[in-house]
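Down below is the structure, laid out as C-alpha cells.
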Amino acid sequence: MPEEALLEVRDIEAGYGLSQVLFGLSLSILPGEMVTLMGRNGMGKTTTVRSIMGLTPARVGVIRFLGVDIAGLPPFRVAKLGIGLVPEGRQIFPNLSVNENLVAAAANRTAAAEPWTLAKVHALFPRLAERASSMGRQLSGGEQQMLAIGRALMTNPRLLLLDEVTEGLAPLIREEIWNCLVRLKAQGQSILVIDKNVEALTQIADRHYLIERGRVVWTGTSQELAAAPEVQHRYLGI
C-alpha cells in the first residue's frame, strides 16, 4: 500500500483577477521528502505556494494536508495546521531584533517532541547567534534569509515551504543554506523548495516538478533530472 501523501495538490486553478496562472496543477509530497518546484520566471511557482497557503485561494481543485482539505482556509489556519512559509523576499520584521523575529511566531502546535528553540536555531545558523540583538533591517540579505528560515522553523512546521530560497545571495551563503536544508531533511523535515539552482537541488532533493505556464510538464527523481539535460534546457533554460 503506497504511503499517504503529507500534502496533495490536485488539479488546482488559480490566478489574480481575470488573469489565470495555474491550469490544473498537481503535485504531492510524502512525509520526510524534499521536493522542488522549478521553472522559468512567471510560470506559476510562487502562485502555487500562495495557493497552498491560502494567500491566493485556488478557484478549482483539491489541496489536502494531513488528509484535511485546506483549500479555502485562511492563511493563519493553514499555518496553524503545520505549514511554515519562507516567502520570496524574506519579509522579516525590520524593526525587531533577530531574537524578537524568531520568537514572534514561535509555537509548538504540532506537539513536536523536541521543538525548535532559539538555541537550536542559533546552532543551525551561528551567524544569527552573533547578530541576536541586531535589528532585522541591519542584516545582510543572506542573514535575513537565514532569519526567515529560522522564524519558520520556530513554528515547528510539519511542512516547510521555501520560495526562491537562495535568490540574489552570495555563493558562500547559498552553500550554507543548502547545507542547512540537508540537515533539516536528515532530521525528517518535509520540504518544498523553489529555486533555480538545478545542480544543487539534484544533489539534495528527492523529486522534482517542472512547471511551464501553470502546468506540470515534467516530474521525476534527482537521478532522472540529472540524466535529462534536454529537459533542463527546454523548461529551465539551462
Side-chain angles (χ1 to χ4, degrees), residues 3 5-10 12 14 21-53 56 63-65 83-90 145-146 148-149 152-153 157-169 171 173-238:
E3 188 174 8
L6 178 69
L7 175 74
E8 181 189 7
V9 176
R10 190 167 71 243
I12 64 168
V21 178
L22 302 181
F23 298 85
L25 184 138
S26 299
L27 61 83
S28 64
I29 302 171
L30 298 176
E33 263 196 320
M34 185 191 299
V35 173
T36 78
L37 187 60
M38 289 191 282
R40 295 186 180 92
N41 289 341
M43 293 299 173
K45 302 184 299 295
T46 293
T47 302
T48 301
V49 168
R50 289 179 60 86
S51 293
I52 293 168
M53 289 302 302
T56 302
I63 305 175
R64 296 181 70 82
F65 179 65
I83 302 182
L85 173 64
V86 180
E88 184 178 16
R90 298 145 201 160
Q145 188 64 284
M146 294 174 194
I149 294 171
L153 290 173
R158 288 189 170 95
L159 174 63
L160 187 62
L161 309 179
L162 302 115
D163 192 359
E164 297 292 1
V165 66
T166 66
E167 186 176 36
L169 301 184
I173 302 296
R174 285 204 299 266
E175 191 67 29
E176 194 168 341
I177 287 176
W178 296 135
N179 289 338
C180 154
L181 296 187
V182 169
R183 289 172 63 182
L184 292 175
K185 184 176 184 295
Q187 295 169 18
Q189 178 69 59
S190 306
I191 301 170
L192 175 65
V193 57
I194 293 173
D195 203 85
K196 297 180 177 68
N197 194 319
V198 180
E199 185 177 353
L201 290 171
T202 52
Q203 291 176 24
I204 65 175
D206 298 298
R207 293 187 299 114
H208 309 271
Y209 289 92
L210 274 51
I211 70 172
E212 186 171 63
R213 297 175 186 169
R215 296 177 174 88
V216 172
V217 290
W218 187 93
T219 183
T221 65
S222 283
Q223 189 174 11
E224 290 166 340
L225 183 57
E230 72 286 352
V231 169
Q232 296 183 36
H233 178 75
R234 181 173 181 181
Y235 297 119
L236 304 175
I238 295 170

If I take atom [atom1] from residue [X] and atom [atom2] from residue [Y], how far apart are they, to the nearest 0.5 angstrom?
X	Y	atom1	atom2	result
Ile149	Cys180	CD1	SG	5.0 Å
Lys196	Leu201	NZ	CG	11.0 Å
Asp163	Lys45	CG	NZ	8.0 Å
Glu176	Leu181	CD	CG	11.5 Å
Phe65	Leu7	CZ	CG	7.0 Å
Ile29	Ser190	CD1	OG	7.5 Å

Donor-acceptor pair, [X] side chain versus [Y] backbone, under 3.5 Å?
X	Y	result
Gln189	Pro157	yes
Glu88	Thr46	no
Lys185	Ile204	no
Asp195	Glu164	no
Tyr209	Ser28	yes

Between Val165 and Val86, is a side-chain contact (heavy atoms from CB on, under 4.5 Å) present by the stated rule, with each step listed?
-> CA-CA 8 Å; Val165 66; Val86 180; 5.5 Å; no
Can you name the one residue among Leu162, Leu161, Leu159 that meets side-chain contact (heavy atoms from CB on, under 4.5 Å) with Leu85?
->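 Only one option passes, and that is Leu161.
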Can you list the steps and then say if Val231 with Leu210 is a side-chain contact (heavy atoms from CB on, under 4.5 Å)?
-> CA-CA 9 Å; Val231 169; Leu210 274 51; 3.5 Å; yes
More than 12 heavy atoms of other groups within 6.0 Å of Glu230 CD =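 Atom CD in Glu230 is packed in, count exceeds 12.
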Got a sec: does the CD of Gln223 have more than 12 other heavy atoms crowding it under 6.0 Å?
->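 Not buried by this count: 12 neighbours or fewer within 6.0 Å.
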Over all heavy atoms of both residues, which pair between [X] and [Y] is shortest? Give the atoms and the distance, please.
X	Y	result
Val35	Glu33	CG2-OE1, 3.6 Å
Arg40	Met43	O-CG, 3.2 Å
Leu169	Arg174	O-NH1, 2.8 Å
Ala152	Gly84	CB-C, 4.5 Å
Thr202	Leu225	CG2-CD2, 3.8 Å
Ile12	Ser51	CD1-CB, 4.0 Å

Does some side-chain heavy atom of Asp206 sit less than 4.5 Å from a side-chain heavy atom of Thr221?
->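 When only atoms from C-beta onward are counted, Asp206 and Thr221 do not touch, as no gap falls below 4.5 Å.
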Close side-chain approach of Gln145 to Ile177, heavy-atom, < 4.5 Å =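 In short, these two side chains touch, coming nearer than 4.5 Å.
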So Thr56 and Arg50, side-chain hydrogen bond (donor to acceptor under 3.5 Å, both in side chains) or not? Walk me through it.
-> CA-CA 5 Å; Thr56 302; Arg50 289 179 60 86; 2.7 Å; yes
Would Ile83 and Arg158 satisfy side-chain contact (heavy atoms from CB on, under 4.5 Å), going step by step from the backbone distance to the final call?
-> CA-CA 6 Å; Ile83 302 182; Arg158 288 189 170 95; over 6 Å; no
Worked verdict on Thr219 versus His208 for side-chain hydrogen bond (donor to acceptor under 3.5 Å, both in side chains) = CA-CA 5 Å; Thr219 183; His208 309 271; over 6 Å; no
Is the closest basic N to carboxylate O distance between Glu224 and Arg207 below 4.0 Å?
->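 Answer for the salt bridge query: no.
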